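These figures come from a predicted structure and were not determined experimentally. Read the numbers this way: they start at 1 and go in the same order the structure lists the ligands and their atoms. If you read the sequence from its start, that first residue is 1, and numbering goes on from there.
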Amino acid sequence: MAFFGIRKPAPAPVRETRQPPRHIAVTMDGNGRWAKKRGLPRSAGHAAGAETFRTIATYCKDIGVQYFTVYAFSTENWKRPQEEVDALMDLFRKYLREAAETMAARGVAVRVLGDLSPLPEDIRELIRETGRIADTLGEDAATASLCINYGGRDEIKNAVRRIAERVQAGELDPQEIDEGTVAGALYTAHLPDPDLIIRPSGEIRLSNFLLWQSAYAEYYFTPVLWPDFTTKDMDAAIDDYHRRSRRFGGV
Ligand code: IPE
Ligand code: IPE
Ligand code: MG
């Protein structure tokens with residue numbers, strides 16, 4: 001800008017300083033359609049989707065995303081054929097075992113969120129084991145959260161129940177209940193709210209994912225089926241996120 005004949009020097013080229021979103025969440029959808037397109041059983045789509053989870057979780061950690069959360073099995077997914085549910089449980093076994101073996105070396109704390117009570121006992125034991133290992137990793141470790149038998153409404157219902165029990169026990173005055181009390185009673189008590197929520201597969205709905213936590217999340221919908229989702233798709237979602245203006249109700 002010229003001002004009284006003095007020309008302001010051109011600004012130095014800025015280095016890429018944009019921070020990635022602190023917390024990215026993904027609804028891993030489209031596995032069944034991916035398999036159908038190839039004439040494969042739905043279980044093959046879930047196996048491919050699980051590989052994508054591994055790739056994208058690693059990528060998120062590498063680019064500095066502190067928290068990565070995925071929706072793997074909803075409270076409604078029990079309605080599926082037993083064969084499909086069994087195949088999904090087998091995948092949870094496989095990936096939880098792998099997580100237990102590798103998470104310390106990779107510096108990623110793997111945690112499972114949801115109502116774990118109806119899961120097979122061996123899976124619950126694997127979840128407890130990964131939780132124990134995650135507890136030994138420092139504050140700086142990236143966190144990958146796997147939502148299994150997770151439902152946003154179920155989570156809020158359980159939180160209400162826990163808060164009511166504290167009131168009944170005389171530990172909590174109802175007048176003291178604030179948003180922090182509710183947030184602290186959710187499965188995600190230890191996580192910041194998601195900044196970016198991605199839903200692949202072309203569906204434009206929440207399907208009961210992170211209902212409370214998504215109040216000010218930025219959503220990104222893409223037709224790509226989850227098993228086809230690549231690090232380039234993640235880059236595109238993050239680029240889109242950086243073009244948003246987050247106002248949180250302000251101006
Ligand atoms: C997501 O893929 C995985 C789970 C819900 C467990 P889907 O199995 O829902 O795949 P589509 O939606 O049928 O393609
Ligand atoms: C959401 O996908 C749940 C998971 C991806 C784990 P669904 O496939 O179950 O959701 P709807 O039925 O299309 O809403
Ligand atoms: Mg689906």
Side-chain angles (χ1 to χ4, degrees), residues 23-57 60 67-96 98-99 110-120 123-124 126-127 130 143-158 186-188 191 194 196-214 217 219-230 233-234 237:
H23 184 177
I24 298 180
V26 178
T27 293
M28 301 192 292
D29 198 17
N31 297 347
R33 278 163 283 173
W34 182 92
K36 193 169 180 203
K37 264 173 55 183
R38 288 163 177 75
L40 297 169
R42 292 179 62 84
S43 57
H46 296 312
E51 287 297 319
T52 301
F53 162 72
R54 197 189 353 228
T55 306
I56 298 297
C60 282
Y67 302 95
F68 180 61
T69 300
V70 293
Y71 201 7
F73 191 89
S74 77
T75 45
E76 289 72 39
N77 287 149
W78 298 105
K79 293 175 195 163
R80 297 186 177 206
Q82 190 61 42
E83 197 188 335
E84 180 170 349
V85 171
D86 289 346
L88 284 161
M89 295 298 148
D90 276 344
L91 284 168
F92 297 146
R93 284 187 182 92
K94 176 178 166 193
Y95 282 84
L96 286 166
E98 181 184 305
V110 176
R111 300 206 178 259
V112 178
L113 313 180
D115 172 10
L116 309 180
S117 58
L119 298 178
I123 294 186
R124 294 172 63 184
L126 277 168
I127 292 170
T130 46
T143 298
S145 305
L146 215 50
C147 297
I148 299 179
N149 193 30
Y150 173 90
R153 286 187 171 181
D154 187 59
E155 176 183 42
I156 292 169
K157 178 265 289 172
N158 289 335
L186 302 174
Y187 300 130
T188 51
L191 299 176
L196 171 63
I197 301 182
I198 300 172
R199 176 139 193 185
S201 91
E203 308 299 357
I204 317 242
R205 55 176 169 254
L206 308 186
S207 301
N208 209 4
F209 190 38
L210 300 176
L211 298 184
W212 170 280
Q213 300 86 339
S214 60
Y219 277 96
Y220 182 82
F221 296 98
T222 169
V224 175
L225 303 173
W226 175 247
D228 288 330
F229 194 93
T230 64
D233 294 307
M234 183 53 87

Residue selection (non-hydrogen contact nearest atom 14 (O) of ligand 1) among Glu203, His46, Glu84, Arg33
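The nearest heavy atom belongs to Arg33.
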Please compare Pro200, Ala72, Ser207 and report which has the shortest non-hydrogen distance to atom 6 (C) of ligand 2.
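Comparing heavy atoms across Pro200, Ala72, Ser207, the nearest one to atom 6 (C) of ligand 2 lies in Ala72.
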Students should be able to answer this: which protein heavy-atom is nearest to atom 9 (O) of ligand 2, and at what distance?
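Result for atom 9 (O) of ligand 2: Asn77 ND2, 3.0 Å.
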What protein heavy atom lies closest to atom 13 (O) of ligand 2? Include the residue and the distance to one decimal.
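Scanning the protein heavy atoms, the shortest distance from atom 13 (O) of ligand 2 goes to Arg205 NH2, 2.8 Å.
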Is the contact between [X] and ligand 1 made by the side chain, the backbone, both, or neither, using heavy atoms and a 4.0 Å cut-off?
| X | value |
| --- | --- |
| Met28 | backbone |
| Arg80 | side chain |
| Arg42 | side chain |
| Leu225 | neither |

Under 4.0 Å from a heavy atom of Asp29: give me the atoms of ligand 2 that qualify, with their elements.
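Reading through ligand 2 atom by atom, the close ones are 2 (O), 8 (O).
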What are the atoms of ligand 2, with element, lying closer than 4.0 Å to any heavy atom of Phe73?
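That gives atoms 6 (C) of ligand 2.
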Taking N or O atoms only and a 3.5 Å limit, does Asn31 qualify as a polar contact for ligand 1?
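Yes.
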4.5 Å side-chain heavy-atom contact, Gln213 and His23:
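Of all side-chain heavy-atom pairs linking His23 with Gln213, none is under 4.5 Å.
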Among the protein atoms near the Mg ion (ligand 3), how many are N, O or S and lie under 2.8 Å away?
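If we list every protein N, O or S atom nearer than 2.8 Å to the Mg ion (ligand 3), we get 1.
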Tyr71 and Asn208: side-chain donor and acceptor closer than 3.5 Å?
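Per modelled atom types, Tyr71 and Asn208 side chains form no pair under 3.5 Å.
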Tell me whether ligand 1 is touched by Lys36 - counting only heavy atoms on the residue side and a distance under 4.0 Å.
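Per 4.0 Å heavy-atom rule, Lys36 does not contact ligand 1.
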Looking at ligand 1, would Gly30 count as a contact under a 4.0 Å heavy-atom criterion?
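Within the 4.0 Å threshold, so yes.
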Any non-hydrogen protein atom less than 4.0 Å away from atom 2 (O) of ligand 2:
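At least one protein heavy atom is under 4.0 Å away.
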Could you tell me which residues satisfy side-chain contact (heavy atoms from CB on, under 4.5 Å) with Ala237, sequence neighbours excluded, listed by chain and number?
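By the side-chain contact (heavy atoms from CB on, under 4.5 Å) rule, Ala237 matches Leu196, Ile198, Tyr220.
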Parallel, tilted or perpendicular: rings of Phe53 and Phe68 (30°, 60°):
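Answer is parallel, since the angle falls under 30°.
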